[in-house]
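A note on names: the letters A, B, ... follow the listed sequences, proteins ahead of strands, and every chain is numbered from 1. Excluded from the calculations below are hydrogen atoms, water molecules and symmetry mates; all remaining heavy atoms, backbone and side chain alike, are included.
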Amino acid sequence: MWDETRESVLVHLDPRVKILSVTGLSIVTAVITDMPAVCLAFCFALCLVLVARIPLAGLIKSLSGPNLFIAMMWVFLPFTIPGTPIFQVFSFEATRQGIIFAFIITLRCNAVILFMMALMASTSPSSMVHAMNRLHVPDKVVYLFFFTYRYAFEIIKEYKRIHTAMRVRSFRPKTNLHTYRSYAYLMGMLLVGSYERGQRIHSAMICRGFNGTFVHLDNLDFCTGDFVAAAIILLTLAGLVVI
Amino acid sequence: MTNIISLDNVSFVYPDKRAILERVNLVLKKGDRAGLVGPNGSGKTTLFNIIMGLSRPSSGTIEIFGHTMHTQKDFIEVRKRMGLLFQNSNDQLFNPTVMEDVAFGPLNLGMDKRQARAVVRKTLFDLGMDGFEERITHKLSHGEKKMVAMAGILAMDPDLLILDEPTAGLDAATAERIVRILKGLDISYIVASHDLDFLFRITSRIYAMDSGRLCRARDMTQHIHTHIHPAGSYPHDHGGK
């Protein structure tokens with residue numbers, strides 16, 4: 001999550017608007033194939049990122065991972081799509097259609113990531129849970145999301161603790177059975193530990209009167225800003241579909 | 001005085017036939033402040049789980065607030081009046097922010113949102129944790145987590161506190177805060193701990209678990225002894241006294 005103290009209008013948007021917008025924008029962006037429409041989606045995503053005031057360093061860091069995979073795609077796609085040859089590497093010909101296709105995929109992927117960063121990362125997990133509940137997302141999905149967010153950090157910490165404990169006992173990963181077995185035990189311990197922790201958390205919740213339904217502290221009410229944002233996003237979606 | 005808890009010949013046996021509790025008898029009356037000591041694995045946590053209805057005893061009778069517990073439904077009602085502090089605070093704090101976590105119990109008790117927020121603020125203030133409302137729970141220190149977990153159960157205004165090793169792994173200052181908080185409460189509690197000094201300061205009676213049995217209960221007797229000061233030569237205060 002971004003530091004919400006970096007004041008942005010997106011932080012104050014109703015989370016329901018954000019969830020629906022991200023879903024709509026991502027689906028439409030993922031299926032469009034025309035270059036002008038893809039460019040429009042990407043430009044709109046950039047605008048949202050600017051409005052969200054996401055720190056540049058965080059933006060680059062978040063985009064670098066997915067773009068590494070996209071870069072691998074650039075190695076193959078221009079040479080495997082039939083079309084008009086543009087240049088040649090050894091005996092492989094890169095085609096105009098291949099390059100355009102790779103470019104479209106790159107823009108589409110980045111646009112979807114930017115939509116998510118701008119709209120979802122400016123929302124606190126509890127607001128997301130509340131909004132998902134109000135949007136009638138099945139309870140099990142909502143709770144799964146909620147607990148995954150909360151306990152992913154604990155599982156990572158646990159992994160690091162066990163891995164450190166292995167290293168201080170002179171464990172050095174190698175390509176041998178001992179290494180595979182050790183990592184399998186590590187994963188097994190994480191799994192068993194997470195299961196047992198899950199049971200303890202459930203017990204703790206029961207002790208505090210949990211009866212299967214979360215009661216939220218936030219009140220979600222649509223305001224003028226939400227309607228304006230929803231209208232802008234709907235117009236953009238319509239534009240993407242029409243183009 | 002009214003019995004808050006009454007356990008009669010309660011036993012607990014694991015499916016592999018290993019007996020953890022054997023014919024345990026325990027009576028806690030209103031106003032009692034009891035301690036529970038015993039080696040690791042002696043059944044202290046199991047006993048607490050049985051009292052809260054989280055584990056089902058193999059045999060015996062449990063009576064809480066004058067009602068005999070038969071089914072989970074019976075426990076649901078009495079849990080509203082009891083608070084269990086877990087040994088590991090991470091098991092208890094699952095909401096993203098302190099405000100939401102402490103409000104979890106009061107909201108489950110049926111309080112409205114405004115009321116719940118007010119209770120959270122008051123509880124945190126009473127525990128010296130005001131300003132923590134919007135802090136992220138998983139980023140708190142071990143001591144802070146313990147205090148927030150404590151706030152989470154105190155916000156439900158229980159008649160009985162069950163504390164499972166509340167000072168384990170805490171620094172002297174945080175442990176001292178817990179002592180002050182418990183001494184300032186006007187409710188009954190039972191505390192499991194390995195720290196006898198801590199138990200002597202906050203309880204009036206100490207039970208000992210050994211090989212699955214609650215084998216003795218002695219009243220506190222005053223005695224004089226010397227020990228190394230926990231703060232050593234570090235600058236410290238004694239709660240402003």
With a 4.5 angstrom heavy-atom cut-off, is it the side chain or the backbone of [X] that approaches chain A, or both, or neither?
X: B:Leu93; value: both
X: B:Met99; value: both
X: B:Ile76; value: neither
X: B:Asn95; value: both
X: B:Leu84; value: side chain

When you measure from the side chain of A:Asn67 to the backbone of A:Ser64, do you find a donor-acceptor pair of N or O atoms at a distance under 3.5 Å?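 The answer is no, because no donor-acceptor pair under 3.5 Å joins these two groups.
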B:His194 side chain near B:Lys44 side chain, heavy-atom distance below 4.5 Å: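 Contact flag for B:His194/B:Lys44 side chains = yes.
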Stepwise salt bridge (charged side-chain N to carboxylate O under 4.0 Å, His left out) check, A:Lys18 with A:Asp14: CA-CA 7 Å; A:Lys18 293 190 206 177; A:Asp14 189 297; over 6 Å; no
Quick one: pull up NE2 in A:His130 and CG in A:Leu135 and give me the separation to the nearest 0.5 Å.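 If we round to the nearest 0.5 Å, A:His130:NE2 and A:Leu135:CG are 10.5 Å apart.
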A:Tyr151 ring centre to A:Arg197 NZ or CZ under 6.0 Å, with the angle to the axis within 45°?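 Pair A:Arg197/A:Tyr151 does not count as cation-pi.
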Heavy-atom pairs under 4.5 Å with chain A, option from [options] with the top count:
options: B:Leu109, B:Ile136, B:Asn90; result: B:Asn90
options: B:Arg114, B:Met156, B:His138, B:Gln92; result: B:His138
options: B:Phe86, B:Phe104, B:Phe75; result: B:Phe104
options: B:Gly83, B:Gly152, B:Ala116; result: B:Gly152
options: B:Asp101, B:Ile153, B:Leu85; result: B:Asp101

With only heavy atoms counted, which part of A:Phe153 is less than 4.5 Å from chain B, the side chain, the backbone, both or neither?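 For A:Phe153, the side chain is the part near chain B, not the backbone.
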Parallel, tilted or perpendicular: which describes the rings of B:Phe12 and B:Tyr14, with under 30° parallel and over 60° perpendicular?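 B:Phe12 and B:Tyr14: perpendicular rings.
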Is the centre of the A:Tyr143 ring less than 6.0 Å from the centre of the B:Phe94 ring?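 Ring-ring flag for A:Tyr143/B:Phe94: false, centres at least 6.0 Å apart.
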Near B:Phe125 CZ, under 6.0 Å, is it more than 12 heavy atoms from other residues, nucleotides or ligands?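 No, the 6.0 Å shell around CZ holds no more than 12 heavy atoms from other groups.
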